[in-house]
Novice: 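Attaching a single structure in structure tokens format; questions to follow.
Quick caveat: nothing in here was measured; it's all calculated off a predicted structure.
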Amino acid sequence: MEINFGYVAISMKLKEASPNRTVTLKNLEKVDRSIWYSKVESLARQNISNIIRILRYNKAYGIKLYRFTSKIIPLATHPEFEEWDWKNILKIDFEELGRVVKETGIRVSTHPDHFVLLNSPKKEVLDNSIKDLDYHCTMFELMGLGTEYKIVLHIGGMYKNKEDSIKRFYEGFSQLSDRIKSRIILENDDKLYTMEDVLSICRTLNIPMVLDIHHDICNPSSVKVKELIVDVFNTWKGEIFPPKIHLSSPKSPKEIRSHHDYINPDEFVAFLEEIIGLTGDFDVMIEAKMKDMALIKLMEDMKNYDFIKKIGDASIEV
DNA sequence: ACCTGTCAAGTCTGG
DNA sequence: CCAGACTTGACAGGT
């Protein structure tokens with residue numbers, strides 16, 4: 001069984017390579033309006049070219065997964081920038097980025113921020129969420145990447161009634177265009193919607209589920225991971241890429257929900273021991289403050305466990 | 001060179 | 001009902 005690893009957004013090894021450079025409206029308001037567009041355009045270009053550097057670096061280090069930041073284009077979905085035609089202005093840049101994605105063979109994804117909520121009772125929040133999803137989807141399309149490149153979402157808020165909120169999630173989802181629907185995959189969260197909840201929704205909608213094993217510890221399902229992992233991975237049937245899980249460790253016993261700088265190898269190995277023999281290949285997205293450094297350290301730490309057959313730069317065989 | 005406050009967003013809690 | 005916490009990284013401005 002082969003497992004490939006990746007990390008989120010920022011490389012701690014590469015210097016001057018932020019994929020996240022931004023500007024706020026408050027600061028733009030201090031300068032003349034005539035330079036607003038050139039300012040955000042310049043930052044977006046820097047972000048895209050830094051992402052290209054990151055992808056090439058990932059390839060060189062054998063890192064096969066990478067999550068884009070949601071802030072590639074500053075203020076892309078801000079009402080003040082509705083007139084700004086970033087799709088055409090940055091077309092060439094995204095085409096180049098897409099070529100590098102294909103050339104490096106890295107499985108890229110996005111994870112919209114926590115204000116993207118398909119089950120909000122507020123129409124405005126839903127409308128803004130759809131705009132944000134359109135932005136993410138459009139970037140993939142400009143890169144020329146097929147629907148196997150996914151957008152990971154949570155179910156959303158609870159709003160005092162889980163049943164109603166899940167119903168509203170279905171309603172929100174049904175309002176999405178097919179091009180967006182075909183990229184959405186869902187993840188269990190650390191407070192509200194458990195592995196079981198999300199699995200049930202994914203089965204109903206016939207879309208893949210990302211299992212976050214740390215979230216399942218914070219917000220446990222009534223059934224153990226071992227009992228459901230096969231069903232979770234079955235939601236990926238027919239997909240081009242293998243199932244994906246998220247891996248992180250708690251910052252401390254008191255701050256269990258916060259991410260640690262690194263990954264606790266004991267916890268991950270315990271998970272592997274539980275599911276060994278039940279699944280085929282899968283991918284692991286590491287969510288740790290030290291990003292790629294955490295990944296590299298985990299690979300190093302894994303060398304102390306005998307049952308792992310082979311350890312690569314960012315992959316293992318069990 | 002470092003530190004603090006601000007920004008952007010929506011939900012939820014506590015008073 | 002409203003203020004603050006939560007989350008995350010970048011950045012502005014002050015020391």
Side-chain angles (χ1 to χ4, degrees), chain A residues 7-31 35-36 39-40 42-51 54 66-82 84 109-136 151-162 164-166 168-169 172 187 189-193 197 212 214-215 218-219 246 248-252 254-261 285-294:
Chain A
Y7 65 98
V8 176
I10 297 160
S11 166
M12 303 300 280
K13 280 220 165 189
L14 286 181
K15 297 300 163 200
E16 308 283 317
S18 170
N20 249 2
R21 294 211 54 197
T22 194
V23 66
T24 60
L25 199 67
K26 279 266 161 24
N27 282 322
L28 279 181
E29 277 164 355
K30 293 173 192 166
V31 301
I35 61 165
W36 283 18
K39 182 73 189 165
V40 285
S42 156
L43 289 169
R45 287 232 161 83
Q46 289 176 57
N47 290 338
I48 293 170
S49 79
N50 282 336
I51 294 167
I54 290 170
Y66 174 72
R67 182 194 298 164
F68 291 132
T69 150
S70 297
K71 299 181 180 69
I72 296 175
I73 307 176
L75 305 167
T77 56
H78 198 284
E80 284 281 348
F81 282 77
E82 257 174 19
W84 184 48
S109 61
T110 71
H111 195 359
D113 292 311
H114 66 285
F115 45 84
V116 173
L117 297 158
L118 290 179
N119 73 348
S120 173
K122 298 178 191 162
K123 187 179 182 300
E124 198 191 323
V125 174
L126 175 61
D127 290 347
N128 288 336
S129 299
I130 294 174
K131 269 184 211 158
D132 202 87
L133 290 172
D134 185 81
Y135 152 73
H136 282 94
I151 301 169
V152 182
L153 269 193
H154 293 293
I155 306 304
M158 184 76 98
Y159 314 98
K160 299 191 173 125
N161 185 325
K162 199 171 196 173
D164 288 354
S165 297
I166 291 175
R168 234 180 6 261
F169 178 83
E187 177 195 350
D189 67 74
D190 56 358
K191 279 201 299 220
L192 309 171
Y193 297 94
D197 297 330
D212 188 310
H214 176 210
H215 290 170
C218 303
N219 176 29
H246 288 173
S248 50
S249 294
K251 188 175 181 177
S252 68
K254 277 196 170 177
E255 301 159 285
I256 194 158
R257 289 176 43 233
S258 300
H259 289 165
H260 199 277
D261 286 355
M285 180 61 75
I286 283 182
E287 296 176 327
K289 298 258 183 215
M290 290 304 281
K291 312 287 182 186
D292 51 333
M293 301 283 269

Novice: Tabulated below should be each protein N or O lying under 3.5 Å from an N or O of nucleotides 3-10 of chain B; please produce it.
Specialist:
residue	atom	partner	partner atom	Å
dA9(B)	N3	His114(A)	NE2	3.4

Novice: If we ignore angles and hydrogens, is there a donor and acceptor under 3.5 Å between the side chains of Arg45(A) and Ser42(A)?
Specialist: no
Novice: Between Ile155(A) (CD1) and dT11(B) (P), how many Å, whole number?
Specialist: 15 Å
Novice: Would you kindly give the NE2-to-P distance between His259(A) and dG9(C), to the nearest whole Å?
Specialist: 10 Å
Novice: Quiz question: by atom type and distance under 3.5 Å, do the side chains of Ser165(A) and Asn119(A) form a donor-acceptor pair?
Specialist: no
Novice: Over how many whole Å does the gap from Ile10(A) atom CD1 to dA10(C) atom C1' extend?
Specialist: 9 Å
Novice: Look for any protein N or O under 3.5 Å of an N or O in nucleotides 11-13 of chain C and output each such pair with its distance, or none.
Specialist:
residue	atom	partner	partner atom	Å
dC11(C)	OP1	Arg21(A)	NE	2.9
dC11(C)	OP1	Arg21(A)	NH2	3.3
dC11(C)	OP1	Thr22(A)	N	3.4
dG13(C)	OP1	Lys30(A)	NZ	3.4

Novice: Any donor-acceptor pair under 3.5 Å linking the side chain of Tyr66(A) with the backbone of Ile10(A)?
Specialist: no
Novice: Quick one about Glu187(A) and His111(A) (side-chain donor to acceptor, distance below 3.5 Å, no hydrogens or angles considered), yes or no?
Specialist: yes
Novice: Assess whether atom NZ of Lys162(A) is packed by more than 12 heavy atoms of other residues, nucleotides or ligands within 6.0 Å.
Specialist: yes
Novice: Kindly write out the residues that satisfy side chain to side chain contact (heavy atoms under 4.5 Å, CB included) with Glu16(A), not counting sequence neighbours, or none if the list is empty.
Specialist: none
Novice: Between Asp190(A) (CG) and dC12(B) (P), how many Å, whole number?
Specialist: 13 Å
Novice: Measure NZ/Lys162(A) against C1'/dT11(B) and give the value in whole Å, please.
Specialist: 16 Å
Novice: Using whole Å, report how far CG of Asn161(A) lies from C1' of dC12(B).
Specialist: 16 Å
Novice: Nearest-Å distance, CG (Asp212(A)) to C1' (dT7(C))?
Specialist: 15 Å
Novice: When all nucleic acid strands are considered with a 4.0 Å heavy-atom cut-off, which category describes Lys289(A): base, sugar-phosphate, or nothing?
Specialist: sugar-phosphate
Novice: Can His214(A) and Ser248(A) be counted as having a side-chain donor-acceptor contact under 3.5 angstrom?
Specialist: yes
Novice: What about the rings of His154(A) and His114(A), do their centers lie closer together than 6.0 Å?
Specialist: no
Novice: Rounded to the nearest Å, what distance is computed from the NZ atom of residue Lys251(A) to the C1' atom of nucleotide dT8(C)?
Specialist: 12 Å
Novice: Given salt bridge (Lys or Arg N to Asp or Glu O under 4.0 Å), test Asp292(A) with Lys13(A) step by step and report yes or no.
Specialist: CA-CA 7 Å; Asp292(A) 51 333; Lys13(A) 280 220 165 189; over 6 Å; no
